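The model shown is predicted, which means the values in this text are computed figures rather than measured ones.
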Amino acid sequence: MYPARRCSSLLHRELAAVCLSSLGTRPKKPGLKKSSLQSPRHCHTSVVHPPPTRSNSSPVLLGSLQVCQMGSSSSSRLFSTLAQTLSSAALADPHVDSDEYEYEQADPDALLRECEKVLRNRPPRFHRDFMMTRACSLQNAPIRIMQWNILAQALGEGKDGFVRCPMEALNWSERKYLILEEILTYRPDVLCLQEVDHYFDTFQPVLASLGYQSSFCPKPCSPCLDVHNNNGPDGCALFFNRRRFQLLHTAHLRLSAMMLKTNQVAIVATLRCRLTGRIFSVAVTHLKARSGWEAFRSAQGAHLLQQLCDLTTQSHLEIDDENRTRDGESEEGIPLVVCGDFNAEPSEEVYRRFMTSPLGLDSAYKCLSEDGNTEPPYTSWKIRPSGESCSTLDYIWYSEKAFQVDAVLRIPSEEQIGPDRLPSYHYPSDHLSLVCDLSFSQQPHRLM
């Protein structure tokens, strides 16, 4: 075990201000609170055919955006500086919160063009269309949700053994642009990520400059810390558009199974939509991986469901009297969206637990199927030394009575993914991103 393995709590808040010292940020008035962390590095080899490259796009240099200056050698100052800074001394004030700072705002279109410029020698992204599940109007104010296990850098290069993915495809100096390009293409209102090990030096500052508020919860004993030259522990991160939503409450959970605390975590945020005034909670989690752990995952899922029930009921009770239930309306909990890499196929018990939960949850991606009841054939497709794995592991759950699914981003075909599977030169993770548009049902929820 490397000496880098140490309790994640020692790294929690101390790192935020260290990062900010290099970002050109300025303190703002005390705001809503959160927590955060760091990330990793190292690689694998194998032989893969060089893919076709992108067409040249005209670059737009973001000289005015200090926080988003990213690039290959010359334009990666921000990230290299931050990576060095993160290994330096801890903060004098351990209570500094990264969201208590203001960031110079970025132009998302310009940043997307910068991504395309850096990635011009890589093949183009998958083309993925949205399937509209019902007619919707702007009056419905749909909420775009994105769920994605982005693959921790330390694990991708140092542990996961993607035998058909070459070392160059996993190079962080370009892979971070592939991740950001995917996010910028779909521009979610709420973004739920797993295996985040570059929160402080990449995702938090860049997405803050795009108007996102965020929270990060590291795994207590992240496997990233066993990788030489790692960038810190990986964990779950939740981002939301601060112009659209007001944060009412955030909870970080350490999941239990069979009365034992586990290495898996979750974040639950309760938000108020500024457009509609409606309130809902969104959760992000990442359950235990590997076959043979099905009962363990089921126990983790049961604990998470109980916590979600308690938190949404508690948040409901804390809402101001003017927002309380009107006479005659049901005392249901706050509506929920739950995103995660469950590491479980639909045949597993943990999936059935969520489907039959008293919280009234349904899976958004079933809308892609002809019968409306079947999950996609895969959300992850990889080749490891143990063999090829094509699995459905990732889900976006939503309160069926409170939300309607307006649109779902299609899953790329086997031909699009290619024979070397994922990750690859044209896709940065072994998991596909899931994106859907949800809107509140026309019947106002009991909190309105």
Engineer: Scan side-chain atoms only and decide if Ser363 and Glu375 contain a donor-acceptor pair under the 3.5 Å cut-off.
Structural biologist: yes
Engineer: So, Asp109 side chain and Asp107 main chain: donor-acceptor pair closer than 3.5 Å or not?
Structural biologist: no
Engineer: Ignoring hydrogens, what is the shortest heavy-atom contact between Arg352 and Ser347? Give both atom names and the distance.
Structural biologist: NH1-O, 2.6 Å
Engineer: Between Tyr427 and Phe126, is the gap from one ring center to the other below 6.0 Å?
Structural biologist: yes
Engineer: Using a 4.5 Å cut-off on heavy atoms from C-beta on, say whether the side chain of Arg290 contacts that of Asn343.
Structural biologist: no
Engineer: What I want to find out is whether Arg144 reaches Asp437 closely enough, with some N-O distance under 4.0 Å, to be called a salt bridge.
Structural biologist: yes
Engineer: Ignoring hydrogens and geometry beyond distance, is a side-chain donor-acceptor pair present between Asn230 and His228 at under 3.5 Å?
Structural biologist: no
Engineer: When Phe342 is tested against each of Phe354, Tyr351, Trp293 for ring pair (Phe, Tyr, Trp, His ring centres under 6.0 Å), which residue passes?
Structural biologist: Phe354
Engineer: For Leu255, run the side-chain contact (heavy atoms from CB on, under 4.5 Å) check against Asn263, Leu260, Leu304, Val265 and tell me which one passes.
Structural biologist: Leu304
Engineer: Nearest 0.5 angstrom please: Ser215 OG to Ile267 CD1, how far?
Structural biologist: 4.5 Å
Engineer: Going from CZ on Phe280 to CD1 on Ile143, what distance comes out if it is rounded to the nearest 0.5 angstrom?
Structural biologist: 4.0 Å
Engineer: Is a side-chain donor-acceptor pair under 3.5 Å present for Gln194 with Gln147?
Structural biologist: yes
Engineer: For a 4.5 angstrom cut-off between non-hydrogen side-chain atoms, does Pro223 reach Leu155?
Structural biologist: yes
Engineer: Starting from the C-alpha separation in whole Å, work towards a yes-or-no answer on side chain to side chain donor-acceptor pair (under 3.5 Å) for Thr270 and Ser281.
Structural biologist: CA-CA 4 Å; Thr270 301; Ser281 291; 2.9 Å; yes
Engineer: Regarding Asp310 and Thr313, do their side chains bring together a donor and an acceptor under 3.5 Å, going by distance alone?
Structural biologist: no
Engineer: Report yes or no: does Ser369 contribute a side-chain atom to a donor-acceptor pair with the main-chain N or O of Lys366 at less than 3.5 Å?
Structural biologist: yes
Engineer: May I ask you to check whether Thr379 and Thr392 show a side-chain donor-acceptor distance below 3.5 Å?
Structural biologist: no
Engineer: Have Glu388 and Trp381 got a donor and an acceptor in their side chains that come within less than 3.5 Å?
Structural biologist: yes
Engineer: Please tell me whether Gln204 and Tyr103 have a donor and an acceptor in their side chains that are separated by less than 3.5 angstrom.
Structural biologist: yes
Engineer: So which heavy atom on His426 is nearest to which on Pro124, and how close?
Structural biologist: CB-O, 3.5 Å
Engineer: Where the side chain of Ser413 meets the backbone of Gln416, is there a donor-acceptor pair that is under 3.5 Å apart?
Structural biologist: yes
Engineer: State whether a side-chain donor-acceptor pair under 3.5 Å links Glu182 with Ser433.
Structural biologist: yes
Engineer: Do the side-chain N and O atoms of Ser298 and Arg353 include a donor-acceptor pair separated by under 3.5 angstrom?
Structural biologist: yes
